[in-house]
Visitor: 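This is the structure, below, for whatever I ask next.
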Protein chains: 2
Amino acid sequence: MDRISLNTLGQHLQHLRTARGWSLSYLASEAGIAKSNLSRLEQGNGNPTLDTLWRLAVQLEVPFGTLVAPVTAPLDEEGVQVQLLDQGRDTPPVDAYWMRCAPWTERRAEAHTPGARENITVISGHLVVGPVDNMQIVSTGQSTSFAADQAHCYRTEESWATLLMTIVYSGGEEPHP
Amino acid sequence: MDRISLNTLGQHLQHLRTARGWSLSYLASEAGIAKSNLSRLEQGNGNPTLDTLWRLAVQLEVPFGTLVAPVTAPLDEEGVQVQLLDQGRDTPPVDAYWMRCAPWTERRAEAHTPGARENITVISGHLVVGPVDNMQIVSTGQSTSFAADQAHCYRTEESWATLLMTIVYSGGEEPHP
DNA sequence: ATGGAACGTTCGTTATAAGGAACGCTCGTA
DNA sequence: TACGAGCGTTCCTTATAACGAACGTTCCAT
């Protein structure tokens, strides 16, 4: 938990509150917390408990994660943004990601667990993706699927690319043994 | 914040931890919190700070809200939750959705614009989906694709189903003319 | 002008979440 | 059998989040 996250939480809280035309005192009172508490949070200091967050989320009628969720995906490593969307823990386990790549970038990924497969659907732009010895071009709206239990790679050309990716771990094996 | 929420948080934490085959001591140490703290949380007592929740979410590689999410998320009247994830406005335009369906529910959808296709990837559970005269079963981790310029349908059986869906509008036609 | 009410902030106090050192327990292993 | 390593739990202590009563503002209504 760093200062940046706390700042975004504060800004987010204040935005949600003022968007409703509510005063700080009013929100604090309705949520059942001290206004000094809320004041500190909006300033980006403090480290609220789950109880406090919960009361605020209920009062603002906002899904819980929204209070803390960064405005945009924060991770930018070499022009690639990745955000975990959801995880399925049935058999097989499935991880779902949203991913955005800048033009002319390449992201290499190590092999996942044996039998794992990846599924790609391109939302905008196009990219070249797959096992390093068998990469394919995937255009806007298209999907592809490949074995991910070997080194693989995502590469963009002249345009940005946005895509959904799922990793399917075979036969109920755990992704993080 | 009531006792029930704390219990579900505890159960959720414990499930995520054991699913990875991690010991309580290990997770606490990796996340940088005292194991007494984690122990208390898993028992459904305590009221963690955002810092503590954050460290656990990062270590478990779980989206933040997931830790706290209620067992039964709010559903619309038909037992189906839909959330727009992203929109691509290249050619062709693409809409990306996350979708969750309760057991034994059926959602009918009208035809989209001519040439539109839908792409489904199942994250957990399984469902029967496609044009009403040609529906297919799709299991966890699998994908399918079908013409969406005719009436189509999503149907679950005995289990919940979570999926990613993309709608691809053909030839640059706008989804909402 | 002047009182009152509401606003957001600051500060000392109190409640409590997090930390850390025990404990009893179950395993393998010598 | 005895030992050590690791497990999860239970205390007690310490750090700190939440509270509540101030405070200085602003802005109306008197």
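Throughout, a chain's letter reflects where its sequence line sits, starting with A, and its residues are numbered from 1. Below, all heavy atoms of this structure are taken into account, side chains as well, without hydrogens, waters or symmetry copies.
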Visitor: B:Gln43 side chain N/O closer than 4.0 Å to the phosphate oxygens (OP1, OP2) of D:dT10?
Guide: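 Affirmative; the distance criterion is met.
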Visitor: Given side-chain contact (heavy atoms from CB on, under 4.5 Å), test B:Val132 with B:Arg108 step by step and report yes or no.
Guide: CA-CA 9 Å; B:Val132 287; B:Arg108 293 184 163 273; 3.5 Å; yes
Visitor: Do any side-chain nitrogens or oxygens of B:Thr52 fall under 4.0 Å of OP1 or OP2 in C:dA18?
Guide: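 True: B:Thr52 side-chain N/O within range (under 4.0 Å) of C:dA18 OP1/OP2.
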Visitor: To the nearest angstrom, how far is A:Leu41 atom CG from C:dG8 atom C1'?
Guide: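 For the pair A:Leu41 CG and C:dG8 C1', the rounded distance is 14 Å.
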Visitor: Please report, rounded to the nearest Å, how far the C1' atom of C:dA15 is from the CG atom of B:Asn45.
Guide: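 Nearest whole value for this atom pair: 17 Å.
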Visitor: Salt bridge between B:Arg155 and B:Glu157, side-chain N to carboxylate O under 4.0 Å?
Guide: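 No, B:Arg155 and B:Glu157 are not salt-bridged.
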Visitor: Roughly how many Å is it from CG in B:Asp51 to P in D:dA17, rounded to a whole number?
Guide: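 It is 9 Å, rounded to the nearest whole Å.
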Visitor: Tell me the interatomic distance from A:Lys35, atom NZ, to D:dG24, atom P, rounded to whole angstroms.
Guide: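 About 15 Å, once rounded to whole Å.
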Visitor: At less than 4.0 Å, is any side-chain N or O atom of A:Ser23 found next to OP1 or OP2 of C:dC7? Yes or no.
Guide: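 Yes, because at least one side-chain N or O of A:Ser23 sits under 4.0 Å from OP1 or OP2 of C:dC7.
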Visitor: Verify the contact: side-chain N or O of B:Ser25 to OP1 or OP2 of D:dG8, cut-off strictly under 4.0 Å; return yes or no.
Guide: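 True: B:Ser25 side-chain N/O within range (under 4.0 Å) of D:dG8 OP1/OP2.
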Visitor: May I ask you to evaluate whether A:Arg17 reaches the phosphate of C:dG8, defined as a side-chain N or O under 4.0 Å from OP1 or OP2?
Guide: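 For C:dG8, OP1 or OP2 has a side-chain N or O of A:Arg17 closer than 4.0 Å.
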Visitor: Tell me what B:Ser36 touches on the nucleic acid: a base, only sugar-phosphate, or nothing, going by heavy atoms under 4.0 Å.
Guide: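 Touches a base.
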Visitor: Choose from D:dG20, C:dG19, C:dA17 the nucleotide whose nearest atom is closest to any side-chain atom of B:Ala34.
Guide: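 In terms of side-chain proximity for B:Ala34, the closest of D:dG20, C:dG19, C:dA17 is C:dG19.
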Visitor: Take the protein atom OH of A:Tyr26 and the nucleotide atom C1' of C:dA5, then report the distance between them rounded to whole Å.
Guide: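 From A:Tyr26 OH to C:dA5 C1': 17 Å.
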Visitor: Rounded to the Å, how far apart are A:Leu38 CG and D:dA17 P?
Guide: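 These atoms are roughly 15 Å apart.
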Visitor: Parallel, tilted or perpendicular: which fits the ring planes of A:Tyr169 and A:His112, with parallel below 30° and perpendicular above 60°?
Guide: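 Perpendicular: the ring planes of A:Tyr169 and A:His112 meet at over 60°.
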Visitor: Could you tell me the separation between the CG atom of A:Leu24 and the P atom of D:dT26, rounded to a whole number of Å?
Guide: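 It is 18 Å, rounded to the nearest whole Å.
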Visitor: Starting at atom CG of A:Leu27, determine the distance to atom P of C:dC7, rounded to an integer number of angstrom.
Guide: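 Atom-to-atom, A:Leu27 to C:dC7, this comes out as 11 Å.
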Visitor: If you pin B:Gln14 and B:Thr49 to their nearest nucleotides in DNA chain D, which one's is more 5'?
Guide: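 Residue closer to the 5' terminus by nearest nucleotide: B:Gln14.
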Visitor: With sugar-phosphate meaning primed atoms plus P, OP1 and OP2, does B:Ser39 contact a base, only sugar-phosphate, or nothing at under 4.0 Å between heavy atoms?
Guide: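 B:Ser39: base contact, heavy atoms under 4.0 Å.
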Visitor: Do B:Arg40 and C:dA17 share a donor-acceptor pair, side chain to base, under 3.5 Å?
Guide: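 Not at all, since no donor on one side and acceptor on the other fall under 3.5 Å apart.
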Visitor: Evaluate side-chain contact (heavy atoms from CB on, under 4.5 Å) for B:Leu164 paired with A:Thr121, printing each intermediate quantity in order.
Guide: CA-CA 10 Å; B:Leu164 296 181; A:Thr121 303; over 6 Å; no
Visitor: Does A:Asn37 put a side-chain nitrogen or oxygen below 4.0 Å from OP1 or OP2 of D:dC19?
Guide: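 For D:dC19, OP1 or OP2 has a side-chain N or O of A:Asn37 closer than 4.0 Å.
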Visitor: For a side-chain contact (heavy atoms from CB on, under 4.5 Å) check, start with the C-alpha distance between B:Leu27 and B:Leu16, then their side-chain angles and the critical distance, and finish with the verdict.
Guide: CA-CA 11 Å; B:Leu27 173 56; B:Leu16 290 168; over 6 Å; no
